[in-house]
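Please read the structure below before turning to the comments.
Position 1 is the first residue of the sequence, and the numbers go up from there. In this text, all values refer to a predicted model and were calculated from it rather than measured experimentally.
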Amino acid sequence: MTADALHCQRDHVAYLAERGAHWILTVKGNQPSLHAQLARLPWRAVPDGARDSDRGHGRREIHTLKILSISTGINFPNVAQALQIRRRRRRLDQPKRFTTETVYAITDLLVHQAKPAHLATWLRGHWSIENKVH
């Protein structure tokens with residue numbers, strides 16, 4: 001299951017774990033200490049796990065995904081991996097002007113259960129659905 005930051009709650013994770021469900025949750029400002037913990041991880045030392053680019057709607061986007069296995073140090077239940085997603089965008093009519101957004105996510109999936117390309121696809125699929133709803 002993929003879910004936005006609204007569902008990044010300990011009770012939601014406990015509910016899913018009781019039912020044997022796996023999850024990927026976006027982490028934002030509603031979990032400030034968790035977000036800060038994820039931001040402090042050594043992301044610069046982590047190679048890109050997945051990278052893709054997209055062109056449309058008058059802009060070009062480059063997405064990179066980095067993944068770290070987590071055994072301790074994250075104060076949230078059942079986290080197995082932390083993800084950093086960087087979106088670099090530029091409008092096609094302004095080729096020298098980029099914006100960069102960094103988003104964090106967590107999952108209970110272990111390395112052997114989900115390859116970086118799978119995680120990237122699932123996250124992009126979630127955002128695609130969310131964008132269609134809006």
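- Separation of atoms CG (D54) and CZ (R89) is listed at 10.5 Å; rounding is to 0.5 Å.
- Smallest separation of non-hydrogen atoms from V46 and P42: CG2-O, 3.4 Å.
- I24 contributes atom CD1, which lies 5.0 Å from atom CG of L123 (distance to the nearest 0.5 angstrom).
- Considering all non-hydrogen atoms of both residues, A17 and N78 come closest at CB-ND2, 3.7 Å.
- R91 meets the side chain to side chain contact (heavy atoms under 4.5 Å, CB included) test with D93, Q94; sequence neighbours excluded.
- Take R86 and apply the side chain to side chain contact (heavy atoms under 4.5 Å, CB included) test, not counting sequence neighbours, and it matches T64, Q84, T100, T102.
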Side-chain donor-acceptor contacts of residues 103-112 below 3.5 Å, not counting sequence neighbours, with atom names and distances?
unit_1, atom_1, unit_2, atom_2, d
T107, OG1, W23, O, 2.6
T107, OG1, L109, N, 3.1
D108, OD1, W23, N, 2.9
D108, OD2, H22, ND1, 3.1

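- The pair R87-E101 counts as a salt bridge, with a side-chain nitrogen and a carboxylate oxygen less than 4.0 angstrom apart.
- Taken to the nearest 0.5 Å, the CZ atom of R90 stands 11.5 Å off from the OG1 atom of T99.
- Residues P116 and G49 come closest through the heavy atom pair CB-O, 3.3 Å.
- Residues L41 and A82 share a closest heavy-atom pair of CD1-CB, 3.8 Å.
- Legend: side-chain hydrogen bond (donor to acceptor under 3.5 Å, both in side chains) pairs involving residues 31-46, not counting sequence neighbours: none detected.
- Each of I67 and I62 belongs to its own hydrophobic cluster when Ile, Leu, Val, Met, Phe, Trp and Tyr are linked at side-chain heavy-atom distances under 4.5 angstrom.
- Atoms CH2 and CG, from W122 and L83 in turn, are 11.0 Å apart once rounded to the nearest 0.5 Å.
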(message) Please determine whether side-chain contact (heavy atoms from CB on, under 4.5 Å) holds for the pair Q81 and V79, giving the CA-CA distance in whole Å, both sets of side-chain angles, and the decisive distance to 0.1 Å.
(response) CA-CA 6 Å; Q81 296 187 86; V79 175; 6.0 Å; no
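- Note that the CG atom of L38 and the NZ atom of K28 stand 13.5 Å from one another [nearest 0.5 Å].
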Donor-acceptor pairs under 3.5 angstrom involving side-chain atoms of residues 8-16: please list them, not counting sequence neighbours.
unit_1, atom_1, unit_2, atom_2, d
R10, NH2, N75, O, 2.5
H12, ND1, H7, O, 3.4
H12, ND1, H7, ND1, 3.2
Y15, OH, R19, NE, 3.4

